[in-house]
Protein chains: 2
Amino acid sequence: MPTSLTDIARQLELSPSTVSKALNGYRDVSSDTRELVLRAALELGYQPSSAARDLPRGRTDRIGLFLNTALEYVVDYLSGIIPGAVRCSQACGKRLLIYTLTDNDPDQLLQVCRAGEIDGVILFSTHYDSHTIETLLEDNFPFVVMGRHIPDERVSCVVPDYYDGTRQIMDHLLGQGHRRIAFMTRPELTTANEARLQGYLDALAAADLASDGQLIVETRLEADSGVAPTRQLLVLASPPTAIVAAHDLVAVDVINTLQAAGLRVPQDVAVTGFDGLRAGFRTLPHISTVQQPLERIGERVVELVNRQLNDPAALPVQETLPVQLVLRGSA
Amino acid sequence: MPTSLTDIARQLELSPSTVSKALNGYRDVSSDTRELVLRAALELGYQPSSAARDLPRGRTDRIGLFLNTALEYVVDYLSGIIPGAVRCSQACGKRLLIYTLTDNDPDQLLQVCRAGEIDGVILFSTHYDSHTIETLLEDNFPFVVMGRHIPDERVSCVVPDYYDGTRQIMDHLLGQGHRRIAFMTRPELTTANEARLQGYLDALAAADLASDGQLIVETRLEADSGVAPTRQLLVLASPPTAIVAAHDLVAVDVINTLQAAGLRVPQDVAVTGFDGLRAGFRTLPHISTVQQPLERIGERVVELVNRQLNDPAALPVQETLPVQLVLRGSA
DNA sequence: GCAAGTAGCGAAATCGTTTTCGGATTGTCC
DNA sequence: GGACAATCCGAAAACGATTTCGCTACTTGC
């Protein structure tokens, strides 16, 4: 129903081919007719049908990002990386699309890819299974994993330096004189978790401190996930003077729980987060955290997908981006 | 490069038409060949090309939602409505796509619509201008506005009952004995703002209280937007005993600022939010707020778009959904 | 056994672009 | 003036599906 290229052709008594060439900057069109065509296109508000354009080209110039909105953490993290991802994709002449996934249907991702709705896809850490990755590899479909290291050299991924970030936190806390430092892990066994835990343990060892199993507690990914573990720590015979939370959303819970118990942050207990999400500004004091280069991650992830698009033979890249401790008051 | 319908046809020595009909449940295919085709399609991981399918149909079965990620509020709100919107769109056999918009280019929305990438679009309150709406109306392109009432009977929209919600808050606070109640407005002049303010003023009038201009302060939409206005209220000669924040994110700032100043919530100052976002659980006490039926809004918005798709003559609907005060501790 | 109906399949048009190729008109050069 | 190049345009194939129509071969009914 919207105006098509043929409409313009009819109105100007030209052939569709000429109109197409005029619009696409071919040289074999006189400047007169080109101007006529451009004016008519503007007047009629012409926009080429994306389906009709994509079909012969075999490309869509679209990149997909799949999102499981069930998890608050995902949404917060995503809103951090999107500006960079959008900027980069626009610079590459692509559009970034967010697909909303229903929780338990990983096939949808494959369907969208195979249907050719997008040229490449960004996988966000928490939702993919190895079958998805294996299939994408078989299909030779461009994709990049974000925020999670995949131990497979055929897979490109972009991750923040979890180990170094945790070391930075620990060095700071140890430098402040803290000796009983609690550590909150996430339940899932990912390389990110392992790297963080290793950073914690190594820092303790480097300071000649023994690790205390009671100080290592588990959190969940849902809301309020920091409350229970904090209470668990507070009833210890010898409670911690500092708490290294799994990420900023957990740290928010931790701080609120501590303050509700009459403890001052950071005087009585220091608290650190991770990621540098906007949630870190939702407490007073604001959260001292390890700032991930979120926008940069968004950029790189799109860049890497784009590279695969332009050069299918490009070798996969496993990239670790530097992070930086930001002190904002809570530690 | 992925397997096409023709590939299956060649392999089985059938015509493309027969394969298509077998896959789409036509009756003029023998059950034998149908089974053959289905098996081959499964084996090859066949997925019909969306471009090739959409082109002759003139439909995409996709609905777009445009998102400006610059604003934290938008992301939080969106994560609330998405589950309902996704569920409903799947029930209608559509897919919900989120388009990331760069801040200052409203034309992108029109381009996507005119290119036929989507069948209908959901406009989220904070980013659209009247030109966009006017053009969509001219194009006869299905759309629904979410979270903002548009004073134009040709436009469908779904909004929470801002007036009633504010009345509920005020009735509760007045019932608690509060007499000096501060009100935080948003800077933009929208019907939502007006409705909230009217609810505030009407409630005061109904209680025979005069309104005090000093108690009505303005917030911004950005992060930390509640801090400054709260401080402004605290230095008043006669400070408020209750603060009605513009929405939950503002209320988070308000509570933190009050607690940092040594005031207890709600004993010294009661605080209320609006919307019922997840941020309301990030303070202690949790925020007493007016819960919008977020999932329901997501559902209705998609339903209304879908109705326009199925029946282009359907009359526009301007819907106000009921809200409910939820007491969680801060008031 | 013959007309009529039915089941199963393929041919071909269609959607709106892009892109290659060839044709026509003009101009240029010797 | 004739060969050749340059300029501008249109014809037509292609992308991969859907869908209508027609054809064949078989069944059914009398």
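In what follows, chains are A, B, ... by sequence order, proteins preceding strands, each numbered from 1. None of these values were measured; they are calculated from a predicted model.
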Dot-bracket pairing map - DNA chain D, Watson-Crick plus G-U, both contacts under 3.5 Å, | cross-strand: ||||||||||||||||||||||||||||||

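Nearer the 5' end of DNA chain C, as judged by each residue's closest nucleotide, is the contact made by B/Glu13, out of B/Arg57 and B/Glu13.
Remark: B/Phe141 pairs with no residue by the ring pair (Phe, Tyr, Trp, His ring centres under 6.0 Å) rule, at least two apart or across chains. Among residues two or more places apart in sequence or in another chain, the side chain to side chain donor-acceptor pair (under 3.5 Å) test is passed with B/Asn306 by none. A search for salt bridge (Lys or Arg N to Asp or Glu O under 4.0 Å) contacts involving B/Arg154 returns B/Glu134, B/Asp152, not counting sequence neighbours. Residues forming a ring pair (Phe, Tyr, Trp, His ring centres under 6.0 Å) with A/Tyr46 (at least two apart in sequence, or on another chain): none. With sequence neighbours left out, the salt bridge (Lys or Arg N to Asp or Glu O under 4.0 Å) criterion links B/Glu303 to B/Arg300. Every residue meeting the side chain to side chain contact (heavy atoms under 4.5 Å, CB included) condition with B/Thr33, not counting sequence neighbours, appears here in chain and number order: B/Val29, B/Ser30.
Residue pairs satisfying the side-chain hydrogen bond (donor to acceptor under 3.5 Å, both in side chains) criterion with at least one member in residues 8-17 of chain B, sequence neighbours excluded, are listed as follows: B/Asp7-B/Arg10, B/Ser15-B/Ser17, B/Ser15-B/Thr18.
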Report, one line per pair, each donor and acceptor closer than 3.5 Å where one atom sits in a side chain of residues 34-43 of chain A; sequence neighbours left out.
unit_1, atom_1, unit_2, atom_2, d
A/Arg34, NE, A/Ala22, O, 3.4
A/Arg34, NH2, A/Tyr26, O, 2.4

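Atom CG of B/Leu55 is separated from atom C1' of C/dT18 by 13 Å (rounded to the nearest Å).
Residues from residues 111-118 of chain B with heavy atoms under 4.0 angstrom of DNA chain D: there are none. Only B/Tyr46, B/Pro48, B/Ser49, B/Ala52, listed by number, bring a heavy atom of residues 35-52 of chain B to less than 4.0 angstrom from any atom of DNA chain D.
Here A/Asp54 lies out of heavy-atom contact (under 4.0 Å) with every strand.
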Please list, pair by pair, any protein nitrogen or oxygen found under 3.5 Å from a nitrogen or oxygen in nucleotides 6-9 of chain D.
unit_1, atom_1, unit_2, atom_2, d
D/dC9, OP2, A/Ser30, N, 2.8
D/dC9, OP2, A/Ser30, OG, 3.4
D/dC9, OP2, A/Thr33, OG1, 2.9
D/dC9, N4, A/Asp28, OD2, 2.7

